[in-house]
Every structure is written in structure tokens, then in C-alpha cells.
*Asks:* 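This is the structure I want to talk about, given as C-alpha cells.
Each ligand, and each atom within it, is numbered from 1 in the order the structure gives.
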Amino acid sequence: MSRTPFVAGNWKMHKTIAEAEEFVSGILPLVGDVDDVQVGVCVPFTALQAVVDSTRGSSVQVYAQNVHQATNGAFTGEISIPMLDELDVHGVVVGHSERRQYFGETDAALREKVPALLAAGLEPILCVGETEAEREGEQTEDVLRRQTTEGLADVADADLARVTIAYEPVWAIGTGKVATPQQAQDACAFIRALVADRSAAAADAIRIQYGGSVKPENAAELLGLPDVDGALVGGAALDPKSLAAIVQAARA
Ligand code: PEP
């Protein structure tokens with residue numbers, strides 16, 4: 001099956017509403033009508049409404065960067081799925097390594113978040129990836145197996161293909177160190193095989209992104225790999241021209 005490539009920019013804790021609007025004005029003329037690549041931006045909570053409004057009618061989709069699994073409750077500082085749904089966001093990136101490392105995100109919470117998002121009609125991007133020490137200790141496959149199987153454990157087989165998985169080696173995020181094409185391909189193929197253990201059809205359809213220091217200069221090689229269906233982009237997604245160049249690389 002041919003899978004539509006999916007390029008998502010993750011702004012992390014960058015951009016005020018005014019800066020977000022400026023980005024949207026810059027990117028819409030470049031990719032606003034691209035229909036052969038799915039394009040998303042993962043936006044801080046405070047700018048979500050503005051970016052949803054200013055991208056409406058274009059092909060740029062808006063994602064949040066985290067969500068709580070409960071519908072509501074005494075969870076000070078958290079944001080629920082109905083709150084995001086009300087803003088009309090397209091989906092949410094969950095399990096980013098920065099959330100796992102600095103904010104205690106667990107596989108157990110992700111096991112609840114992913115199906116809860118799907119039940120609400122929102123698209124999850126589930127991030128998985130090993131640290132440098134885990135790679136050096138030859139634990140990469142164990143980590144990917146644990147994070148992927150746990151994150152998808154309560155997703156029905158029929159819904160698996162609605163999840164996007166982002167393979168992001170932690171040592172490559174924001175460091176300028178990029179996985180070699182062989183490392184990226186091997187990890188993404190391994191993740192696809194894990195999905196195939198559940199459903200061959202879902203494994204064929206699910207999108208697996210590579211993330212970790214993707215730039216316009218290295219995007220074509222990474223996006224051309226057989227099991228890499230797109231990219232999750234941090235630093236290079238802060239500038240509209242550079243994110244647009246990565247989207248163009250995904251079209252080739
Ligand atoms: C990310 O934030 O998910 C990421 C991959 O960042 P960068 O592209 O800057 O490495």
C-alpha cells in the first residue's frame with residue numbers, strides 16, 4: 001500500500017500568538033494547498049485557537065503537544081481531550097521524549113491517552129525512541145518494543161492505522177546528530193513489524209515518522225527510506241521556509 005507521507009513540525013515551547021500568526025502567514029503560500037503530503041504543526045496550548053483559525057480551509061493541520069487522559073478532574077495545570085476537541089485541533093503529539101524525560105510521562109499514561117484520543121476522533125502521534133545509553137547498551141529494540149506495544153495496547157486492531165508513530169532517537173533530538181539512514185530504516189522497520197504482530201493490514205497502513213535533527217538538507221534521504229513515512233521536526237520547523245522545504249522533500 002502507498003502511505004501518504006506526514007510531516008509535522010513540533011514548536012515545543014516556542015512562539016507567542018503573534019509569532020505563531022507570523023509563521024502561518026509565511027507557510028500557507030508555500031504548502032497551504034499541498035494534498036499529497038499531510039502537514040501538521042504541534043502548537044503550544046496558548047496559540048492553538050489562533051492557529052486553528054488562521055489555517056482553517058488550508059491543508060495545514062493543528063496538533064497540541066500534550067493532553068491528559070482523563071475527561072476532567074482535579075488535575076491542576078492539565079488540559080483534557082474535550083478541551084482540545086472544542087478548539088477543533090486535528091490531533092495531539094504524545095510521549096515526546098522531553099515529556100518522558102522532564103515531566104514524568106509514562107507508558108502507562110500513554111496506554112490510556114492514545115485510545116482516548118482516537119475515541120474522541122483526534123489523531124495521536126505517539127513518540128518512541130531510545131536514549132544514547134540504551135543504544136550503546138544494545139537495548140534499542142527492547143525500548144521500542146516496550147514503548148510501542150504499551151502505547152498501542154488498548155487500541156483496537158481496526159484503529160491502529162489511525163495512529164502515527166514517531167521514531168525519535170533521544171540522542172538525535174535537538175543535537176544536530178542524525179540517525180544514519182540504516183539506523184532510521186532499521187528502527188522504523190522494527191516498529192512496523194511490532195504492529196504486524198497485531199495486524200498485517202495495520203502495519204501496511206500505519207505511518208511511521210523519523211524525528212531527530214531533520215533539516216531541509218537531510219530530509220530527502222531520510223524520507224526516501226522504505227519504512228519512513230514522514231518526519232517529526234523540531235528546530236527546523238520554527239521557520240516556515242525550512243518546514244516547507246522538508247514538506248517538498250516528502251513529495252519527491
Ligand atoms: C522534536 O522536537 O521532536 C525533534 C525531533 O526536534 P529536532 O528536529 O530539533 O531534533
*Asks:* The criterion is side chain to side chain contact (heavy atoms under 4.5 Å, CB included); which residues satisfy it with Glu78, sequence neighbours excluded?
*Replies:*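 Only Asn66, His68, Phe75 meet the side chain to side chain contact (heavy atoms under 4.5 Å, CB included) criterion with Glu78.
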*Asks:* So which residues, sorted by chain and number, lie with a heavy atom under 4.0 Å of ligand 1?
*Replies:* Asn10, Lys12, His96, Glu168, Ala172, Ile173, Gly174, Gly211, Gly212, Ser213, Leu232, Val233, Gly234, Gly235
*Asks:* Side-chain donor-acceptor pair under 3.5 Å between Glu130 and Tyr167, yes or no?
*Replies:*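 Yes, side-chain donor-acceptor contact under 3.5 Å.
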*Asks:* Describe, in one word, how the ring planes of Tyr63 and Phe6 are oriented to each other, choosing from parallel (under 30°), tilted (30 to 60°) and perpendicular (over 60°).
*Replies:*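 Plane angle between 30° and 60°, so tilted.
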*Asks:* Suppose clustering is done on Ile, Leu, Val, Met, Phe, Trp and Tyr with side-chain heavy atoms closer than 4.5 Å. Which residues sit in the same group as Met13?
*Replies:*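 Members other than Met13 - counting any ILVMFWY side chain reachable under 4.5 Å - there are none.
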*Asks:* Atom CD of residue position Glu22 - does it have more than 12 heavy atoms of other residues, nucleotides or ligands inside 6.0 Å?
*Replies:*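 Open: at most 12 neighbouring heavy atoms sit under 6.0 Å from CD of Glu22.
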*Asks:* Table please: side-chain donor-acceptor pairs of residues 214-225 below 3.5 Å, with sequence neighbours left out.
*Replies:*
from	atom 1	to	atom 2	distance (Å)
Asn218	OD1	Lys215	N	2.7
Asn218	ND2	Ser213	O	2.9

